[in-house]
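A short worksheet on the structure shown next.
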Amino acid sequence: MKRLMIIACLLLLGGQAMAACNNAITASTPTADFTINGDGTVTHKKTGLMWKRCHEGLSGPDCATRPTSGSRNTRYIWDEALQLVETLNGNGGFAGYTDWRLPNIKELASIVEVQCIYPAINTTVFPATANGYWSASPFPDLTSTAWSVGFSSGHVAPADMIVENSVRLVRGGL
């Protein structure tokens with residue numbers, strides 16, 4: 001019932017992305033657990049992973065800037081997401097690094113903020129977060145499916161590889 005009330009409030013606000021957080025639940029990804037590096041990346045102190053703050057297709061301090069040309073959108077089918085990483089790294093990378101990759105499902109799920117929904121992520125660290133994001137982890141039982149995270153509620157689920165999802169890149173490893 002509480003989630004329905006939150007959804008109704010969001011609709012009344014014109015669908016604006018406003019995280020609804022329950023401060024009675026301990027934050028799983030507090031801002032203090034991250035170093036915002038100032039070059040468009042953040043480092044998660046607990047995992048050692050470095051993330052791009054903005055998902056692919058967005059840039060700027062609030063991740064609201066879209067490129068003027070060269071990118072048709074900010075959502076990709078799974079094969080395009082994999083190719084996007086190769087192209088980025090082959091063209092000099094980002095922030096001085098050329099070892100960016102799609103996160104595996106464990107890594108992607110590690111940035112879900114359990115005390116929040118709509119989106120279920122720390123929006124100070126990761127502004128302008130969309131709902132669905134691809135992982136590099138294929139779903140073992142269906143060859144046309146890969147794991148994804150829906151950041152509206154933080155759910156982890158398989159998605160058909162021809163569905164368009166957003167892409168947030170990572171480097172390092174768990």
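Basis for what follows: all heavy atoms, side chains included, without hydrogens, waters or symmetry-related copies. Just so we're clear, the structure is a prediction, and the values are computed from it rather than from any experiment.
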| said: We want to know whether T129 and R168 form a side-chain donor-acceptor pair, criterion being a heavy-atom distance below 3.5 angstrom. | reply: yes
| task | Can you sort out the partners of D79 under side chain to side chain donor-acceptor pair (under 3.5 Å), two or more places apart, ordered by chain and number? | result | none
| said: Which residues pass the side-chain contact (heavy atoms from CB on, under 4.5 Å) test with P30, not counting sequence neighbours? | reply: A27, D33
| request: Apply the test side-chain contact (heavy atoms from CB on, under 4.5 Å) to residues T65 and L58: give CA-CA distance (whole Å), side-chain angles for both, the deciding distance (0.1 Å), then the verdict. | output: CA-CA 5 Å; T65 305; L58 299 179; over 6 Å; no
| message | Once side chain to side chain donor-acceptor pair (under 3.5 Å) is applied, do any residues pair with D160, and if so which ones, sequence neighbours excluded? | response | none
| note | Of all heavy-atom pairs linking D99 and N89, the shortest is N-OD1, 3.5 Å
| field | Derivation and outcome, side-chain contact (heavy atoms from CB on, under 4.5 Å), residues M50 and V170 | value | CA-CA 6 Å; M50 179 182 280; V170 70; 6.0 Å; no
| query | Checking R53 side chain against V125 main chain: does a donor-acceptor pair fall under 3.5 Å? | reply | yes
| note | The side chain to side chain donor-acceptor pair (under 3.5 Å) partners of N131 (sequence neighbours excluded) come to S152
| query | Can you name the residues that form a salt bridge (Lys or Arg N to Asp or Glu O under 4.0 Å) with D62, not counting sequence neighbours? | reply | none
| request: Check step by step if side-chain contact (heavy atoms from CB on, under 4.5 Å) holds for T41 and W51. | output: CA-CA 5 Å; T41 67; W51 295 88; over 6 Å; no
| task | Quick one: name the residues clustered hydrophobically with V114, using the 4.5 Å side-chain heavy-atom rule over I, L, V, M, F, W, Y, and just say none if it's on its own. | result | I25
| ring pair (Phe, Tyr, Trp, His ring centres under 6.0 Å) contacts touching residues 139-167 (sequence neighbours left out) | Y133-F151, F139-W147
| query | Are any non-hydrogen side-chain atoms of R101 and L169 less than 4.5 angstrom apart? | reply | no
| note | Residues pairing under ring pair (Phe, Tyr, Trp, His ring centres under 6.0 Å) where one sits in residues 92-116, two or more places apart or in two chains, turn out to be none
| field | Under the side chain to side chain donor-acceptor pair (under 3.5 Å) test, residues paired with Q83 that sit two or more places apart | value | T87
| query | With sequence neighbours left out, what residues match T124 under side-chain contact (heavy atoms from CB on, under 4.5 Å)? | reply | T31, N122
| message | Going by the rule side-chain contact (heavy atoms from CB on, under 4.5 Å), which residues pair with A146 if we only count those two or more places apart in sequence or in a different chain? | response | W78, W134, M161
| Partner set under side-chain contact (heavy atoms from CB on, under 4.5 Å) for A136, not counting sequence neighbours | L102
